[in-house]
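Shown next, in structure tokens, is the structure this report addresses.
Just so it is clear, the values below take in all heavy atoms, side chains as well, and ignore hydrogens, waters and symmetry mates. Residue numbers start from 1 in every chain, and the chains themselves are labelled A, B, ... in the order their sequence lines are given, proteins ahead of strands.
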Protein chains: 2
Amino acid sequence: MKHIAESTVRRLSLYLRFLEDYRRQGLETISSGDLASLGGTTSAQVRKDLSFFGSFGTRGLGYSVSALSKRIREILGLEREWRVIIVGAGKIGAALAQYEGFGYRGFKIVGVYDVDQARIGQSLDGVIVKDQQELDGDLKSLKADIVLIAVPPEAAQPLVDRVTKAGIRGVLNFAPAPLHAPAGVTLRSVDMALELEILSYALAAKA
Amino acid sequence: MKHIAESTVRRLSLYLRFLEDYRRQGLETISSGDLASLGGTTSAQVRKDLSFFGSFGTRGLGYSVSALSKRIREILGLEREWRVIIVGAGKIGAALAQYEGFGYRGFKIVGVYDVDQARIGQSLDGVIVKDQQELDGDLKSLKADIVLIAVPPEAAQPLVDRVTKAGIRGVLNFAPAPLHAPAGVTLRSVDMALELEILSYALAAKA
DNA sequence: CGGCGCTTGTGAATGATTTCACAAACTAAC
DNA sequence: GTTAGTTTGTGAAATCATTCACAAGCGCCG
């Protein structure tokens with residue numbers, strides 16, 4: 001498969017949400033123009049995005065909501081369950097553990113870890129916070145696929161090294177630190193302060 | 001000013017962090033190559049990014065850490081204080097209110113709002129959660145610049161309409177909903193489930 | 001003060017992504 | 001069955017972003 005741009009994957013994810021809205025409304029077909037206006041893009045963009053993976057539409061009619069949903073889920077790897085471990089049970093870790101948005105798309109939180117004795121033993125939405133010393137063993141025994149990093153920035157890189165050594169190939173980082181992972185590991189970062197700074201730039205540039 | 005790509009602004013933000021690290025270490029100059037290796041890019045990229053805003057370096061030597069920090073802060077609009085209001089005091093809103101990463105870059109949380117009586121009156125890191133009915137008045141009296149949206153997805157778009165009507169020009173949305181804002185308003189979204197789905201795609205594509 | 005070594009700043013080249021534009025294919029209506 | 005009206009799928013064109021490559025500038029050393 002040719003390399004697919006991240007922007008394309010991001011839009012596919014969005015399209016999937018619109019498709020689910022449409023399904024909830026009982027609609028059976030959707031056109032590229034509909035998807036485009038919901039997502040703030042153009043119909044050509046939608047068709048080009050989909051064309052990387054095949055032809056799923058019917059000319060003159062549009063796309064079958066259910067068939068396209070299924071196909072996008074397959075493409076994004078959402079047909080299977082992903083087992084997720086959260087490291088760091090502070091404010092952000094706790095918020096992530098209790099975030100409803102994950103579960104319903106097949107991301108299952110199988111463990112939450114911290115080094116702080118005060119937090120260990122607490123229950124976060126049904127999952128008990130465990131001692132981080134147990135992390136290495138649990139990564140394997142719990143068959144974790146993905147690790148969410150919600151520890152202080154200085155602890156983030158050592159943690160990446162540790163979990164990738166244990167075989168983890170997907171990491172989503174919430175610590176405001178630039179991290180590096182070995183080849184073969186996908187590491188993404190969500191940096192809230194950075195987003196706010198980009199917003200600041202936009203506001204400052206307007207004024 | 002010519003239009004600057006978001007990717008450039010994002011990198012400038014990152015450079016600023018590295019510059020602050022360098023300053024903490026007492027180093028006075030930094031080269032584009034140093035900035036590049038810290039940020040996982042190339043020295044040409046760094047120089048090109050900076051060149052959009054002028055020439056700040058010294059050939060043969062590099063950039064003055066303090067001068068470049070100052071200049072990037074100016075560019076990003078971080079020299080001034082931004083007054084931020086958080087709407088939604090659930091898990092994510094509370095985590096945002098207590099996030100240390102915001103304050104130290106000039107983002108000041110001046111209010112947190114919710115509709116739930118059980119949450120109103122609670123203190124989050126020194127800020128009392130107020131009734132969302134007071135939001136419209138407070139947006140003006142508190143001189144808010146930016147609103148962070150941490151409400152359920154279905155409440156997000158009405159909230160955008162409401163705060164932009166009250167004169168807010170910058171919105172950072174954490175609800176998993178695609179939002180639209182009128183021209184002149186900058187709206188950015190951080191969507192954690194979407195990030196996980198992009199990660200899922202990367203993992204699924206490898207297998 | 002002259003030459004060496006290093007690093008910037010920037011046009012030009014390349015590469016990536018988006019938009020355009022239109023033939024082909026289908027539905028629906030009569 | 002024919003026609004009118006849609007909408008897809010996709011090469012080609014245009015735009016946008018990154019990388020290359022090198023002249024020019026500066027510090028440092030002798």
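- The side chain of B:Arg11 contributes an N or O atom lying less than 4.0 Å from OP1 or OP2 of D:dT18.
- For A:Ser200 (side chain) and B:Gly77 (main-chain N/O), a donor-acceptor pair under 3.5 Å exists by modelled atom type.
- The side chain of A:Ala5 sits closest to C:dT17 out of C:dT7, C:dT17, D:dT7.
- Using a 4.5 Å heavy-atom threshold, the side chains of B:Ile168 and B:Asp145 count as separate.
- When rounded to the nearest whole Å, the span between OH of B:Tyr15 and P of C:dT8 equals 12 Å.
- In this structure, A:Leu50 atom CG and D:dT8 atom P are separated by 9 Å, rounded to whole Å.
- What separates CD1 of B:Ile30 from C1' of C:dT7 is a distance of 13 Å, to the nearest Å.
- When the nearest nucleotides of DNA chain D are assigned to A:Gly60 and A:Lys48 by heavy-atom distance, the more 5′-ward of the two goes with A:Gly60.
- Using a 4.0 Å cut-off, some side-chain N or O of A:Gln45 falls inside it from OP1 or OP2 of C:dT19.
- Across all strands shown, B:Ser43 has no heavy atoms under 4.0 Å from either base or sugar-phosphate atoms.
- In this structure, CZ of A:Arg47 is placed 13 Å from C1' of C:dA24, rounded to the nearest angstrom.
- Between B:Leu61 atom CG and C:dC4 atom C1' there is a gap of 16 Å when expressed in whole angstrom units.
- Atom CZ of A:Phe52 and atom C1' of D:dG9 are 12 Å apart (whole Å).
- OP1 or OP2 of D:dT6 has not a single side-chain nitrogen or oxygen of A:Tyr63 nearer than 4.0 Å.
- Using a 4.5 Å heavy-atom cutoff, the side chains of B:Val84 and B:Leu148 are in contact.
- Comparing A:Arg59 and B:Phe56 along DNA chain C, the residue whose closest nucleotide (by nearest heavy atom) sits nearer the 5' end is B:Phe56.
- Rounded to whole Å, atom P of D:dT7 lies 13 Å from atom CG of A:Leu35.
- The phosphate of D:dT18 (OP1 or OP2) has a side-chain N or O of B:Ser7 nearer than 4.0 angstrom.
- Side-chain atoms of A:Arg11 and A:Glu6, non-hydrogen and from C-beta on, never get closer than 4.5 Å to each other.
- The closest side-chain heavy-atom distance from B:Asp136 to B:Arg162 is below 4.5 Å.
- Under 4.0 angstrom from either OP1 or OP2 of C:dC26 there lies no side-chain N or O belonging to A:Thr58.
- For D:dG9, neither phosphate oxygen OP1 nor OP2 lies less than 4.0 angstrom from any side-chain nitrogen or oxygen of A:Ser51.
- As rounded to whole Å, 14 Å separates atom C1' of D:dT10 from atom CG of A:Asp49.
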